[in-house]
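Here is the structure we will look at.
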Amino acid sequence: MVSAASYEARKFGVHSAMPMVQARKRCPHAVILLPNFRAYREFSTAMFRILEKYSPLVEVTSVDEGYVDLSGTLKLHRAPAWTVADRILREIRSELGINVSAAAAPTRAWAKMATGLAKPNGLLYLEPSRATLLVGCLPVSAIPGVGKKTEDILNRAGIQRVADLATTPRESIRRLLGLWGDRLMRIATGSSSRQIRADAPDGQKSYSKDRTLEADTTDYVFLRTLVRQLAEKLAARLRSDGKGATTVTLKVRYHDFKDVSRSISLKEPTNLNSEIIDTLDRLFFLTIKKRSPVRQIGVKFSGVGRPALQTDLFDPNRQLRRERDRIVDAIRERFGFESVLVSGCGASNSHSRR
DNA sequence: TCTGGGGTCCTAGGACCC
DNA sequence: TCTGGGGTCCTAGGACCC
């Protein structure tokens with residue numbers, strides 16, 4: 001699949017989430033690169049460091065996107081917001097050598113929407129007196145959170161543009177979309193009040209990992225082995241972050257794209273392989289019932305928190321298992337995941353689609 | 001054109017408690 | 001024996017985002 005496409009490639013109709021086969025067809029001379037998440041992480045950190053020089057209120061929303069509250073800039077920098085925004089972008093470009101786009105606007109949703117218009121590599125300032133007019137012209141799909149489904153619902157009700165949404169009676173929108181409709185109305189009218197939070201105090205909320213198989217299968221021995229491998233890799237991430245999870249979920253996508261998930265919540269957060277795998281074994285039999293070929297299978301940990309280490313004090317067995325996990329992690333860190341295969345995890349990965 | 005992987009947030013129903 | 005309403009947690013699924 002295409003993770004991202006350059007503007008040059010986009011001219012040929014290539015876009016993210018497109019299957020590579022198709023992308024190659026549309027743009028045979030494209031330069032194809034494998035992702036390099038380590039590099040993205042480094043640039044991301046450097047970029048946000050620059051943002052933080054200009055405002056204490058920086059919210060990171062993804063590796064390449066965030067919000068900066070510049071409402072205090074007049075006092076702090078003796079310059080209006082758009083001047084400061086311009087300075088920030090210039091600094092990012094010159095320090096990091098990458099393109100970047102932004103918009104300055106009265107609300108965060110409008111800033112995000114306007115940034116779409118500023119791309120590539122531009123800055124758009126939404127002057128408050130004209131902002132309503134400009135935003136109003138955008139299609140409802142430009143609103144963050146409005147995807148295909150919501151767009152269809154709104155369009156069928158004759159609501160095409162943000163201005164239409166802003167002027168439709170609240171009751172009608174509520175009938176169409178419930179509480180979500182209320183939020184959309186507030187975004188459309190510019191009265192949304194979500195503040196920019198200088199960042200997430202509790203951090204990541206869930207960890208998940210899934211695999212789409214090379215070919216659909218009903219080979220349950222293989223599937224169970226794969227689930228264990230995914231779980232062990234994911235649990236290692238929990239351990240390395242010093243976290244645990246209370247809820248374990250197993251998700252299966254069948255050949256017909258029907259998704260089924262089952263989850264179990266434990267009494268307290270854990271990151272022990274043994275406890276997690278026992279739980280997944282139970283879930284496996286709850287989830288996989290029919291003789292239906294499986295396309296994708298995945299594991300998710302949620303209810304992330306501090307692991308319940310105190311429990312170890314009363315359970316020497318648990319201490320041993322924790323120690324074993326620690327050793328396995330250390331070996332795998334040095335010699336790769338396959339260097340240690342815990343009972344029944346030896347099956348080949350030949351079913352894997354990627 | 002067959003449809004990845006890693007996330008977030010929301011909803012709705014049921015269990016359980018007060 | 002039948003009845004309230006509110007709060008919280010759990011579970012399953014869905015929409016959406018990068």
Side-chain angles (χ1 to χ4, degrees), chain A residues 1-5 12-27 34-35 37 40-41 43-44 59-67 101 108-109 112-113 115-116 119 140-154 174 176-184 187 194 197 199-200 202-216 226 230 233-234 237-238 241 245-268 279 282-283 286-287 295-305 352-354:
Chain A
M1 304 289 287
V2 178
S3 279
F12 292 83
V14 177
H15 56 79
S16 56
M18 174 181 272
M20 279 307 298
V21 182
Q22 206 182 330
R24 282 205 168 91
K25 231 175 256 169
R26 293 199 180 187
C27 189
L34 288 174
F37 290 101
Y40 309 152
R41 181 59 59 196
F43 274 84
S44 178
E59 182 171 338
V60 181
T61 50
S62 85
V63 73
D64 70 344
E65 186 176 287
Y67 296 88
S101 302
R108 33 180 297 154
K112 183 168 167 60
M113 291 158 75
T115 299
K119 290 176 180 181
V140 287
S141 58
I143 299 174
V146 174
K148 193 82 194 70
K149 303 272 177 180
T150 312
E151 185 189 9
D152 285 351
I153 292 172
L154 291 172
R174 202 174 283 168
L176 288 173
L177 298 168
L179 283 175
W180 175 219
D182 280 359
R183 303 234 317 265
L184 285 188
I187 291 176
R194 180 125 134 46
R197 299 172 306 209
D199 256 353
D202 31 334
Q204 194 172 346
K205 308 235 163 100
S206 67
Y207 292 64
S208 68
K209 207 167 187 53
D210 43 62
R211 277 292 156 271
T212 299
L213 309 175
E214 194 74 54
D216 301 347
L226 182 55
L230 294 172
K233 285 178 184 168
L234 211 50
R237 276 183 53 203
L238 276 180
D241 291 353
T246 42
T247 306
V248 178
T249 304
L250 182 68
K251 187 188 126 188
V252 174
R253 172 168 292 169
Y254 290 101
H255 67 294
D256 57 358
F257 267 76
K258 191 173 155 43
D259 292 339
V260 174
S261 70
R262 292 290 176 270
S263 58
I264 292 178
S265 292
L266 307 169
K267 284 199 193 69
E268 42 194 26
T279 310
R282 285 202 278 153
L283 286 168
L286 289 173
T287 315
R295 175 187 176 83
Q296 181 192 70
I297 196 158
V299 175
K300 174 165 125 167
F301 302 154
S302 50
V304 172
S352 183
R353 222 180 271 267
R354 293 161 46 108

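Scope of the values below: all heavy atoms of this structure, side chains included, with no hydrogens, waters or symmetry mates. Keep in mind that this is a model prediction, so the values were computed, not measured. Within every chain, numbering begins at 1; the chains are lettered A, B, ... in the order of the sequence lines, protein sequences first and strands thereafter.
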Go through the steps to decide whether A:Ile297 and A:Leu250 satisfy the test side-chain contact (heavy atoms from CB on, under 4.5 Å), and finish with yes or no. CA-CA 8 Å; A:Ile297 196 158; A:Leu250 182 68; 4.2 Å; yes
Using whole Å, what does the distance between atom C1' of nucleotide B:dC9 and atom CZ of A:Arg197 come to? 11 Å
Please walk me through it: do A:Leu154 and A:Thr150 pass side-chain contact (heavy atoms from CB on, under 4.5 Å)? CA-CA 6 Å; A:Leu154 291 172; A:Thr150 312; 4.2 Å; yes
In short, A:Trp180 meets A:Val146 closest at the heavy-atom pair CZ2-N, 4.5 Å
Can you see if the side chain of A:Thr212 gets near the phosphate of B:dG5 - specifically, an N or O under 4.0 Å from OP1 or OP2? yes
If the cut-off is 4.0 Å, is A:Ser208 near the phosphate of B:dG7, judged by side-chain N/O to OP1 or OP2? yes
Which heavy atom of A:Thr249 sits nearest to which heavy atom of A:Ser261, and what is that distance? CG2-CB, 4.0 Å
Evaluate A:Val140 against A:Leu184 for side-chain contact (heavy atoms from CB on, under 4.5 Å), listing each step before the verdict. CA-CA 9 Å; A:Val140 287; A:Leu184 285 188; over 6 Å; no
Length of the line joining A:Leu250:CG and C:dT11:C1', which is rounded to integer Å: 14 Å
At under 4.0 Å, does any side-chain N or O of A:Gln22 touch on OP1 or OP2 of B:dT3? no
Against the side chain of A:Thr150, the closest entry in B:dG4, C:dC18, C:dA15 is C:dA15
Think A:Lys205 has a side-chain N or O under 4.0 angstrom from the OP1 or OP2 of B:dC9? yes
By the 4.0 Å heavy-atom rule, please label A:Ala17 as base, sugar-phosphate, or nothing. base
So A:Arg237, base contact, sugar-phosphate only, or nothing? Heavy-atom distance under 4.0 Å. sugar-phosphate
So, OP1 or OP2 of C:dC17: does either fall under 4.0 Å of a side-chain N or O from A:Thr61? no
Please give me the minimum heavy-atom distance between A:Thr247 and A:Ser265, naming the atom from each residue. OG1-OG, 2.9 Å
Nearest-angstrom distance, P atom, C:dC17 to B:dC2: 26 Å
Do A:Tyr40 and A:Phe37 have their ring centres less than 6.0 Å from each other? yes
Heavy atom of residues 256-266 of chain A under 4.0 Å from DNA chain C: which residues? A:Val260, A:Ser261, A:Arg262, A:Ser263, A:Ile264, A:Ser265
What heavy-atom pair brings A:Arg295 and A:Tyr254 nearest, and what distance separates the two atoms? CB-O, 3.7 Å
Whether A:Thr247 contacts C:dC10 is assessed here as follows: a side-chain N or O lying under 4.0 Å from the phosphate OP1 or OP2. Is that the case? no
Using a heavy-atom cut-off of 4.0 Å across all strands, would you classify A:Thr249 as base, sugar-phosphate, or nothing? nothing
Side-chain N,O (A:Arg253) to OP1/OP2 (B:dT3) below 4.0 Å: no
Donor-acceptor check, side chain of A:Thr246 to backbone of A:Gly303, threshold 3.5 angstrom: yes or no? yes
Atom-pair distance (CD1 on A:Ile153; P on C:dG14), nearest Å: 14 Å
When you measure from the side-chain N and O atoms of A:Lys209 to the phosphate of B:dG6, is any distance below 4.0 Å, counting only OP1 and OP2? yes
Syn or anti: how is C:dT1 classified when any glycosidic angle within 90° of 0 counts as syn? anti
Quick one: does any side-chain atom of A:Glu59 pair with a main-chain N or O of A:Tyr67 as donor and acceptor, under 3.5 Å? no
Rounded to the nearest Å, what distance is computed from the OH atom of residue A:Tyr40 to the P atom of nucleotide B:dG5? 16 Å
How close or far is atom P of C:dG14 from atom CG of A:Leu177, stated in whole angstroms? 18 Å
Spacing of A:Glu65 atom CD relative to C:dC18 atom P, expressed in whole Å: 5 Å
Each base of DNA chain B marked ( ) or [ ] if paired in-strand (Watson-Crick or G-U under 3.5 Å), | if paired to another strand and . if unpaired gives ....||||||||||||||
Closest nucleotide among C:dC18, C:dC16, B:dT8 to the A:Gln204 side chain: B:dT8
For A:Arg183 and B:dC10, give me the distance from atom CZ to atom C1', rounded to whole Å. 8 Å
With a non-hydrogen cut-off below 4.0 angstrom, is A:Lys148 in contact with a base, only sugar-phosphate, or nothing? sugar-phosphate
Test side-chain contact (heavy atoms from CB on, under 4.5 Å) on A:Arg282 and A:Arg262; report intermediate values, then the result. CA-CA 10 Å; A:Arg282 285 202 278 153; A:Arg262 292 290 176 270; over 6 Å; no
Lys NZ or Arg CZ of A:Arg237 over A:Tyr207 ring: under 6.0 Å, within 45°: no
Quick one: label A:Val146 by what it contacts on the DNA or RNA (base, sugar-phosphate, nothing), any heavy atom closer than 4.0 Å. sugar-phosphate
Torsion-based syn/anti label for C:dC2, 90° from 0 as limit: anti
Residue closer to the 5' end of DNA chain B, A:His255 versus A:Trp180 (nearest nucleotide): A:His255
Less than 4.0 angstrom between a side-chain N/O of A:Arg295 and OP1 or OP2 of B:dG4, yes or no? yes
May I have the distance from A:Lys25 (atom NZ) to B:dT1 (atom P), rounded to whole angstrom? 7 Å
